[in-house]
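Notes to accompany the following structure.
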Amino acid sequence: MGASKGQKLSGLQKQVLSLYRGFLRAARSKPTEDRCQIESIVTAEFRRNSKQVDRKNFLYIEYLLRRGKKQLDQLKSPDTMGLSSLNVSSSQKQNAKT
Amino acid sequence: MALRAAVLRHIRVPVRTLAATGPKPQLQWSLCNSIRLFSSHDDHLTKEEVIDRVLDVVKSFPKVDPSKVTPHVHFQNDLGLDSLDNVEIVMALEEEFKLEIPDKEADKIDSCNLAIEYIYNHPMAG
(Lines give C-alpha, C1' and ligand atoms only; values in the text may rest on other atoms or scores of the structure.)
Protein backbone atom coordinates (compact mmCIF):
# COMPACT_ATOMS: atom_id res chain seq x y z
CA MET A 1 0.00 0.00 0.00
CA GLY A 2 2.11 2.89 -1.27
CA ALA A 3 1.36 6.54 -0.76
CA SER A 4 1.05 7.42 -4.44
CA LYS A 5 -2.08 5.83 -5.79
CA GLY A 6 -3.01 8.03 -8.73
CA GLN A 7 -6.35 7.71 -10.42
CA LYS A 8 -6.81 3.96 -10.68
CA LEU A 9 -7.16 2.14 -7.39
CA SER A 10 -6.71 -1.60 -7.35
CA GLY A 11 -9.40 -3.80 -5.81
CA LEU A 12 -7.27 -4.36 -2.74
CA GLN A 13 -6.62 -0.66 -2.26
CA LYS A 14 -10.32 0.01 -2.53
CA GLN A 15 -11.02 -2.53 0.18
CA VAL A 16 -8.50 -0.91 2.44
CA LEU A 17 -9.99 2.53 1.89
CA SER A 18 -13.45 1.11 2.40
CA LEU A 19 -12.37 -0.37 5.73
CA TYR A 20 -10.78 2.91 6.76
CA ARG A 21 -13.98 4.72 5.91
CA GLY A 22 -15.97 2.18 7.88
CA PHE A 23 -13.86 2.85 10.94
CA LEU A 24 -14.27 6.59 10.64
CA ARG A 25 -18.02 6.25 10.25
CA ALA A 26 -18.25 3.94 13.26
CA ALA A 27 -16.16 6.40 15.28
CA ARG A 28 -18.70 9.14 14.54
CA SER A 29 -21.41 7.32 16.44
CA LYS A 30 -19.37 7.22 19.63
CA PRO A 31 -19.05 10.04 22.16
CA THR A 32 -16.55 12.73 21.21
CA GLU A 33 -13.70 11.73 23.50
CA ASP A 34 -13.82 8.10 22.40
CA ARG A 35 -14.12 9.23 18.84
CA CYS A 36 -10.83 11.14 18.99
CA GLN A 37 -9.08 8.20 20.57
CA ILE A 38 -10.45 5.76 18.00
CA GLU A 39 -9.52 8.00 15.10
CA SER A 40 -5.98 8.51 16.32
CA ILE A 41 -5.40 4.79 16.83
CA VAL A 42 -6.96 3.84 13.51
CA THR A 43 -5.10 6.45 11.48
CA ALA A 44 -1.80 5.58 13.14
CA GLU A 45 -2.34 1.88 12.46
CA PHE A 46 -3.29 2.34 8.81
CA ARG A 47 -0.38 4.65 8.14
CA ARG A 48 2.11 2.43 9.87
CA ASN A 49 0.92 -0.50 7.81
CA SER A 50 0.99 1.49 4.61
CA LYS A 51 4.67 2.28 5.19
CA GLN A 52 5.82 -1.05 6.53
CA VAL A 53 3.86 -3.57 4.52
CA ASP A 54 4.97 -4.34 1.00
CA ARG A 55 2.35 -3.58 -1.66
CA LYS A 56 2.80 -6.98 -3.22
CA ASN A 57 2.34 -8.85 0.02
CA PHE A 58 -1.25 -9.69 -0.81
CA LEU A 59 -1.50 -12.43 1.74
CA TYR A 60 -0.61 -10.24 4.68
CA ILE A 61 -2.77 -7.38 3.44
CA GLU A 62 -5.73 -9.70 3.12
CA TYR A 63 -5.09 -10.98 6.62
CA LEU A 64 -5.02 -7.41 7.93
CA LEU A 65 -8.25 -6.67 6.08
CA ARG A 66 -10.01 -9.67 7.62
CA ARG A 67 -8.77 -8.76 11.06
CA GLY A 68 -9.78 -5.15 10.54
CA LYS A 69 -13.29 -6.15 9.48
CA LYS A 70 -13.75 -8.21 12.64
CA GLN A 71 -12.53 -5.33 14.75
CA LEU A 72 -14.87 -2.99 12.94
CA ASP A 73 -17.84 -5.25 13.61
CA GLN A 74 -16.96 -5.30 17.27
CA LEU A 75 -16.56 -1.55 17.30
CA LYS A 76 -19.95 -1.03 15.71
CA SER A 77 -21.74 -2.77 18.54
CA PRO A 78 -23.12 -0.21 20.98
CA ASP A 79 -21.51 -2.03 23.91
CA THR A 80 -18.00 -1.22 22.79
CA MET A 81 -16.63 1.92 24.40
CA GLY A 82 -13.35 2.28 22.54
CA LEU A 83 -10.15 0.71 21.26
CA SER A 84 -6.87 0.02 22.86
CA SER A 85 -3.73 -1.22 21.22
CA LEU A 86 -1.02 -3.56 22.36
CA ASN A 87 2.51 -2.92 21.18
CA VAL A 88 4.85 -5.86 21.13
CA SER A 89 8.27 -5.03 19.76
CA SER A 90 10.52 -7.79 18.48
CA SER A 91 13.67 -6.78 20.37
CA GLN A 92 12.26 -6.30 23.84
CA LYS A 93 8.99 -7.47 25.22
CA GLN A 94 7.33 -4.14 25.87
CA ASN A 95 3.67 -4.40 26.64
CA ALA A 96 2.44 -0.85 26.26
CA LYS A 97 -1.28 -1.07 26.72
CA THR A 98 -2.91 2.34 26.23
CA MET B 1 -56.28 50.05 -25.71
CA ALA B 2 -53.32 48.31 -27.30
CA LEU B 3 -51.61 48.09 -23.91
CA ARG B 4 -54.67 46.51 -22.37
CA ALA B 5 -54.87 43.97 -25.16
CA ALA B 6 -51.20 43.19 -24.79
CA VAL B 7 -51.52 42.70 -21.04
CA LEU B 8 -54.59 40.52 -21.46
CA ARG B 9 -52.84 38.48 -24.08
CA HIS B 10 -49.94 37.97 -21.72
CA ILE B 11 -52.20 36.92 -18.87
CA ARG B 12 -54.33 34.66 -21.01
CA VAL B 13 -51.49 32.61 -22.46
CA PRO B 14 -50.95 30.32 -19.43
CA VAL B 15 -54.61 29.33 -19.43
CA ARG B 16 -54.45 28.28 -23.05
CA THR B 17 -51.39 26.12 -22.51
CA LEU B 18 -53.13 24.39 -19.61
CA ALA B 19 -55.88 23.17 -21.91
CA ALA B 20 -53.48 22.02 -24.60
CA THR B 21 -50.79 20.29 -22.60
CA GLY B 22 -52.34 19.36 -19.27
CA PRO B 23 -51.67 20.69 -15.75
CA LYS B 24 -48.36 22.45 -15.30
CA PRO B 25 -48.65 24.28 -12.00
CA GLN B 26 -45.38 26.20 -12.25
CA LEU B 27 -46.12 27.71 -15.66
CA GLN B 28 -49.69 28.36 -14.78
CA TRP B 29 -49.05 30.47 -11.72
CA SER B 30 -45.86 32.25 -12.64
CA LEU B 31 -46.83 35.42 -14.40
CA CYS B 32 -43.30 36.64 -14.46
CA ASN B 33 -39.98 34.95 -13.81
CA SER B 34 -39.20 36.71 -10.56
CA ILE B 35 -41.89 34.75 -8.71
CA ARG B 36 -40.05 31.47 -9.33
CA LEU B 37 -36.91 32.83 -7.66
CA PHE B 38 -38.63 32.92 -4.30
CA SER B 39 -40.32 29.55 -4.46
CA SER B 40 -39.46 26.91 -1.90
CA HIS B 41 -37.80 24.74 -4.55
CA ASP B 42 -34.82 27.09 -4.67
CA ASP B 43 -33.40 26.51 -1.20
CA HIS B 44 -30.56 24.63 -2.89
CA LEU B 45 -27.08 25.95 -2.18
CA THR B 46 -25.49 28.41 -4.54
CA LYS B 47 -22.24 27.44 -6.20
CA GLU B 48 -20.46 30.27 -4.37
CA GLU B 49 -21.53 28.91 -1.02
CA VAL B 50 -20.50 25.39 -1.93
CA ILE B 51 -17.07 26.54 -3.10
CA ASP B 52 -16.50 28.60 0.06
CA ARG B 53 -17.51 25.86 2.43
CA VAL B 54 -15.53 23.18 0.60
CA LEU B 55 -12.41 25.34 0.63
CA ASP B 56 -12.89 26.04 4.34
CA VAL B 57 -13.08 22.35 5.11
CA VAL B 58 -9.96 21.62 3.06
CA LYS B 59 -8.05 24.52 4.59
CA SER B 60 -8.84 23.44 8.12
CA PHE B 61 -7.45 19.98 7.47
CA PRO B 62 -4.30 19.78 9.63
CA LYS B 63 -2.02 18.38 6.94
CA VAL B 64 -2.96 20.97 4.37
CA ASP B 65 -1.17 24.25 3.73
CA PRO B 66 -4.05 26.75 3.47
CA SER B 67 -2.19 29.04 1.08
CA LYS B 68 -2.12 26.35 -1.57
CA VAL B 69 -5.82 25.70 -1.57
CA THR B 70 -7.69 26.83 -4.65
CA PRO B 71 -10.93 25.55 -6.18
CA HIS B 72 -8.91 23.55 -8.72
CA VAL B 73 -6.38 21.98 -6.44
CA HIS B 74 -5.79 18.23 -6.59
CA PHE B 75 -5.53 16.62 -3.15
CA GLN B 76 -2.80 14.14 -3.92
CA ASN B 77 -0.89 15.82 -6.72
CA ASP B 78 -0.92 19.43 -5.48
CA LEU B 79 -1.37 19.16 -1.74
CA GLY B 80 0.81 16.09 -1.27
CA LEU B 81 -1.80 14.06 0.54
CA ASP B 82 -2.25 10.33 0.28
CA SER B 83 -5.37 8.30 -0.30
CA LEU B 84 -6.10 7.90 3.41
CA ASP B 85 -6.13 11.69 3.71
CA ASN B 86 -8.45 11.71 0.73
CA VAL B 87 -10.90 9.53 2.62
CA GLU B 88 -10.64 11.80 5.64
CA ILE B 89 -11.33 14.91 3.61
CA VAL B 90 -14.35 13.33 1.94
CA MET B 91 -15.66 12.31 5.36
CA ALA B 92 -15.17 15.87 6.62
CA LEU B 93 -17.12 17.14 3.62
CA GLU B 94 -19.86 14.62 4.38
CA GLU B 95 -20.17 16.06 7.86
CA GLU B 96 -20.10 19.64 6.69
CA PHE B 97 -22.87 19.19 4.14
CA LYS B 98 -24.77 16.52 6.04
CA LEU B 99 -24.52 14.05 3.19
CA GLU B 100 -23.88 10.36 2.95
CA ILE B 101 -21.48 9.77 0.07
CA PRO B 102 -21.30 6.13 -1.13
CA ASP B 103 -17.89 4.50 -1.44
CA LYS B 104 -17.95 4.36 -5.21
CA GLU B 105 -18.41 8.10 -5.51
CA ALA B 106 -16.05 8.91 -2.67
CA ASP B 107 -13.24 7.04 -4.38
CA LYS B 108 -13.60 9.28 -7.41
CA ILE B 109 -13.39 12.55 -5.50
CA ASP B 110 -9.73 13.44 -5.43
CA SER B 111 -9.69 17.14 -6.21
CA CYS B 112 -11.55 20.27 -5.06
CA ASN B 113 -13.16 20.51 -8.47
CA LEU B 114 -14.80 17.13 -8.26
CA ALA B 115 -15.85 17.69 -4.66
CA ILE B 116 -17.54 20.98 -5.54
CA GLU B 117 -19.25 19.43 -8.58
CA TYR B 118 -20.53 16.46 -6.65
CA ILE B 119 -21.84 18.48 -3.72
CA TYR B 120 -23.41 21.13 -5.92
CA ASN B 121 -25.25 18.49 -7.91
CA HIS B 122 -26.38 16.57 -4.86
CA PRO B 123 -30.05 17.33 -4.12
CA MET B 124 -29.66 16.79 -0.39
CA ALA B 125 -26.70 19.09 0.26
CA GLY B 126 -27.41 21.25 3.28
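Remember, predicted model here, so these are calculated numbers, not experimental data. Naming: A, B, ... by sequence-line order, numbering from 1 per chain.
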Inset, instruction - Give a yes or no on whether B/Glu95 atom CD has more than 12 heavy-atom contacts from other residues, nucleotides or ligands under 6.0 Å away. - result: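 Result for CD/B/Glu95: enclosed.
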
Legend entry - Over 12 non-hydrogen atoms of neighbours within 6.0 angstrom of NZ in B/Lys47: yes

Legend entry - Nearest atoms (heavy-atom pairs only) where B/Ile101 meets A/Arg25: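 B/Ile101 and A/Arg25 have their closest heavy atoms at O-NH2, 3.1 Å.
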
Legend entry - Same apolar cluster: A/Leu59 and A/Leu64, side chain cutoff 4.5 Å: no

Legend entry - Engaged part of B/Asp85 at the chain A interface, taking heavy atoms whose separation is under 4.5 Å: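 Both backbone and side chain of B/Asp85 come within 4.5 Å of chain A.
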
Inset, instruction - Could you walk me through whether A/Lys14 and B/Lys104 pass the side chain to side chain contact (heavy atoms under 4.5 Å, CB included) test, one step at a time? - result: CA-CA 9 Å; A/Lys14 282 192 188 160; B/Lys104 265 190 94 173; over 6 Å; no

Legend entry - Spacing of CG belonging to A/Leu17 relative to CG belonging to B/Leu84, to within rounding of 0.5 Å: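 With rounding to 0.5 Å, CG (A/Leu17) is 6.5 Å from CG (B/Leu84).
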
Inset, instruction - Any chance you could measure A/Arg21, atom CZ, to B/Asp107, atom CG, to the nearest 0.5 Å? - result: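 It comes to 5.0 Å.
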
Inset, instruction - Check whether any side-chain heavy atom of A/Glu39 lies under 4.5 Å from a side-chain heavy atom of B/Glu88, and answer yes or no. - result: no

Inset, instruction - Check each atom of A/Arg47 against the heavy atoms of chain B and say whether the ones under 4.5 Å are side chain, backbone, both or neither. - result: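 Both parts, backbone and side chain.
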
